[in-house]
Every structure is written in C-alpha cells, then in structure tokens.
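To start, the structure under review is shown below, and the notes come after it.
When reading the values below, keep in mind they use all heavy atoms of this one structure, side chains included, and skip hydrogens, waters and symmetry mates. The model shown is predicted, which means the values in this text are computed figures rather than measured ones.
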Number of protein chains: 2
Amino acid sequence: MARRTAEEAEQTRQAIAAAAKQLFIQQGYQATSMEQIRESSGMSKGSIYYHFKSKEQLFMYLLELNMVDWIYKCTERFKLASNATEKLYAIAHHFAHDFENPLMQASMEFSGTKGADPEVIEKIVEMSKFPLPLILDVIKEGIQQKEFAEDDPEGLALLLYSVLGGLGMIQFDNYSLEELEFIHRKAIDVFLNGIRA
Amino acid sequence: MARRTAEEAEQTRQAIAAAAKQLFIQQGYQATSMEQIRESSGMSKGSIYYHFKSKEQLFMYLLELNMVDWIYKCTERFKLASNATEKLYAIAHHFAHDFENPLMQASMEFSGTKGADPEVIEKIVEMSKFPLPLILDVIKEGIQQKEFAEDDPEGLALLLYSVLGGLGMIQFDNYSLEELEFIHRKAIDVFLNGIRA
DNA sequence: GACTATACTGACCGATCGTTCTAATAATGG
DNA sequence: CCATTATTAGAACGATCGGTCAGTATAGTC
C-alpha cells in the first residue's frame, strides 16, 4: 500500500503526532524512541521521516501546537472572567486540567540532550515560558485596577508561574483531578491573599 | 598503573562521583553517558564499574548523598531561626543557594527511563520528596505558635514545596545569585503574607 | 493509458549506549 | 618474597539509537 489521498496523508501525520505526543508526555523526550513512535502509531519508519524530518522537529511541532492551543483556551476562559482575580483562578484551573502541558517537563529535559541543535534548544527554552506574558498581563491589570497591592509585576508573575509550574511537575500519580484542582485553587488563594491590595 | 591504597581508591570513587554529579546536574540522567563520566573523571570504564555496579546505582548513590547533605544543612540553619517564619526564610535561602539540588530535576526525568528497574524508580520518586516533611513540620509549628492562620498544613506544605521546587526548575541561566535569592525571598514574603495569622 | 509526484515500506546504516571481560599492576598479608 | 587480592585500564559486546535509502504502489495530471 502506498500513495493515499492528501486527506489520508494528513491523518497519517496526525496519527504519528498523536502517538508521539502521548509517549513524550509519558516518558519524556529522550526515553521515547522513534521505534516506539513507529510501533504506537502503526506507521513505518519511512513514513514518520517523510512527514517529520527529525525527532527534534517532530517534538518542536508538538510543542508549538500545544502552545497555541494552550493560549487559545486560556484567552477563551478569560472572556468569562470579570476581573484580574478571576483570571488568576482561570489560569490555575487551566494549569490543573492541563494534562497536555506535561510536555513542559519533556521540553525542559530536552535542553540537556547532547548533540541537540543549539538553535532548537534556545527556541524550546524560549517557548517553555510562553504562559509568563499572559500571567504578567493579568497581574498588571490587577495592580492597575487596585485589586492587588502595588508591587513588582515581573517578580510576581515569575512567582506565580513557578507555583503553578512546580505544582504541575511534582509527581501527582496518586491524586485525583478534584484534589489537583483543589491544590491549584489553594495556591491562588494563598497567592491572592499575599498580594491583595 | 593499578592497585592503589584504600585511600587512593576512595579518591577515585569520589572523583567518579563528583564528575557524574556535575554531568547529571548539567545534562540530566539520560543525556549523560558513562563514556562522558569516564572522560570527565579521567578514570577508566572498568574503574567506574568496579566502584559502582551500574549507572542506576551510581545515580542513586548521588541522590542519597545529596539528600543527607541537604537535610543536615537545613537543620543546621534551623538552629539560627527563632520561629517558624524565620525557618521558612531559611528553607527558601537554602533552596536558592542549592546548586546541588538540581539533581531533583534529573531524578524526575529518571522516572521516565525505559527498562529502568521499577523498584529503583519508586525509591527515587519517594526520595525526591524528602524536603516535604521538613516543610510540613515548620508549618505545623507556625500554626501551633499562632504565627500562621489555622489551615490545612499538608496542603500548605505541598504548596510551598511546589513554589520553591518550581523556582528551582525554571531556567534561570541569566539570573545572578542575588536575583535568585531575591526571588526566593519574595516567594516567602508573598506566601507568608498569604497565610499570616 | 503513460507519466509523475506523493505517500509509504522495511531493510539497513554507522554511532553510541550501558555493560562485561581479560589482562596488567601494585599493595597487602603470611 | 611469594601468593593473593584489590584496583585499574581498555578492548570488545550486543542492543538500541536516530536516520537513510532504494524501491513500490497509487492518486492525480495530461
């Protein structure tokens, strides 16, 4: 079998991407082999390299997709929030539910890969910070609206990002989604309490 | 050259451990090869495997050493603190200065390794949470002494651990030690403000 | 229906992985 | 001083890595 229609080809591409994404999340970048991706996707080695020119590029593709999706969903949630405080809760909620974002873990691990293209590494490090500007904007808004006390917005943003990022990185295998959500909400509670005007 | 005195052998062992530690911190577990450790330590493959029976065991050895050292230093700092609040600052200070603790990153990455002994994985996951009990104790103390508001200590401990852990995991390549310390101090400021009695 | 570009296969590549093995040497115990 | 054993070196192992390539089959084009 060979030469599918363009539509079928796109399905193949997505099947590979989906399998790769799951494996990268479960095992990290280095621990996932192209052979595993081949097996899991049901496609052939050649097909994978037809659609993606390297493991690095495949990973990058997934990261970009994930980032766009993350930002989109987050701004969607923002529409329902009437002030900065609610937006912070929205972000926390988003982090808690973000079973896709574990790609962040993989992307941090990626940086250490030997022989990796330095350009790609820098790009990925850069990309891994994508939620920061969003958080920063909300905090600036909160300060401007007198919801939060006057303070260094950049520092606070970095702080909140670390909290949520840190929460996401800890091994929560034995926590339910409800518990996860609770912890993230509590994080915002304490944080808000700490910066309240 | 061969057969050194027991003392020299111990030096060899430590040289290997030191080289490995640095590499694991810089590159992570999987990205660090035994060949690199050999090159960096200046010893031979055979010597490495004479002292450590596998890469896994070498890593475990470093983790345990690191954990013991961490806890010791931390309890030392606690002696200078007169209340729970100061102890929290001490912990933050310790996290900020902890250029050794990045092993935590490597240990989280390790979990994903294929073919890794499940027993070892569980042991490492367990070990990676070692600062939690310490933090928990301090928070309990703070609540009991009415420094902090009545609240769920476990939740707060997990939260603070995530903050500090998260701060440690973010790529801070372009931050100075002063800035690092400042950020960690700020984290405690906000946290304390958020839980103050 | 001939031709071409596209989509895919699977065998194969050299490099590198963690690990093992043998041999050589020197400190140690008798 | 001899036998033993602890400690090192470094060649070699099989497995697996990411990646390539020649070949094949079909959808689209004329």
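- Every residue two or more places apart in sequence or in another chain was checked for a salt bridge (Lys or Arg N to Asp or Glu O under 4.0 Å) with R13(A), and none qualifies.
- Within the structure, no pair that satisfies the ring-ring contact (aromatic ring centres under 6.0 Å, His included) test touches residues 138-165 of chain B, not counting sequence neighbours.
- Residue pairs satisfying the side chain to side chain donor-acceptor pair (under 3.5 Å) criterion with at least one member in residues 135-150 of chain B, sequence neighbours excluded, are listed as follows: T85(B)-E147(B), K87(B)-E141(B).
- In terms of phosphate contacts, T12(B) brings a side-chain nitrogen or oxygen within less than 4.0 Å of OP1 or OP2 of dT8(D).
- In this model, the phosphate group of dT20(D) is not approached by any side-chain N or O of Y49(A) to a distance below 4.0 Å at OP1 or OP2.
- Listed here is the closest heavy atom pair of A20(A) and L58(A): CB-CD2, 3.8 Å.
- Residues forming a salt bridge (Lys or Arg N to Asp or Glu O under 4.0 Å) with K55(A) (at least two apart in sequence, or on another chain): none.
- The salt bridge (Lys or Arg N to Asp or Glu O under 4.0 Å) search around E10(B) returns none, not counting sequence neighbours.
- Picking from dT28(C), dT9(C), dT8(D) the nucleotide with the shortest atom distance to the side chain of S47(A) gives dT9(C).
- The side-chain hydrogen bond (donor to acceptor under 3.5 Å, both in side chains) check on K53(B) picks up nothing, with sequence neighbours excluded.
- With the end axes of the helix from dG1(C)-dC30(D) to dG30(C)-dC1(D) each set by five pairs, the angle from one to the other reads 0° at 10° resolution.
- Residues from residues 52-61 of chain B with heavy atoms under 4.0 angstrom of DNA chain C, sorted by number: S54(B), K55(B).
- In this structure, the CD atom of E35(A) is 17 Å from the P atom of dT20(D), given to the nearest Å.
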Identify each donor-acceptor pair in which a side-chain atom of residues 189-197 of chain A lies under 3.5 Å from a protein atom, sequence neighbours left out, and give them as a table.
unit_1	atom_1	unit_2	atom_2	d
D189(A)	OD1	Y89(A)	OH	2.3
N193(A)	ND2	G194(B)	O	2.8

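- Side-chain atoms of K45(A) and base atoms of dT20(D) include no donor and acceptor less than 3.5 Å apart.
- A salt bridge is defined here as a Lys NZ or Arg NE, NH1 or NH2 lying under 4.0 Å from an Asp or Glu carboxylate O, and K129(A) with E126(A) fails to meet this definition.
- Residues satisfying the side-chain contact (heavy atoms from CB on, under 4.5 Å) criterion with E86(B), sequence neighbours excluded, are A81(B), S82(B), N83(B).
- Look at S44(A) and you won't find any side-chain N or O under 4.0 angstrom from OP1 or OP2 of dC8(C).
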Donor-acceptor contacts under 3.5 Å from residues 112-124 of chain A side chains, at least two apart:
unit_1	atom_1	unit_2	atom_2	d
T113(A)	OG1	F110(A)	O	2.5
K114(A)	NZ	A31(B)	O	3.4
D117(A)	OD1	E119(A)	N	3.0

What's touching nucleotides 3-6 of chain C from the protein side, N or O pairs under 3.5 Å?
unit_1	atom_1	unit_2	atom_2	d
dT6(C)	O4'	R3(A)	NH2	3.4
dT6(C)	O2	R3(A)	NE	3.0

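- Using a 4.0 Å heavy-atom distance criterion, T32(B) is classed as a sugar-phosphate-only contact.
- Checking the phosphate oxygens (OP1, OP2) of dT8(D), a side-chain nitrogen or oxygen of H51(B) falls inside 4.0 Å.
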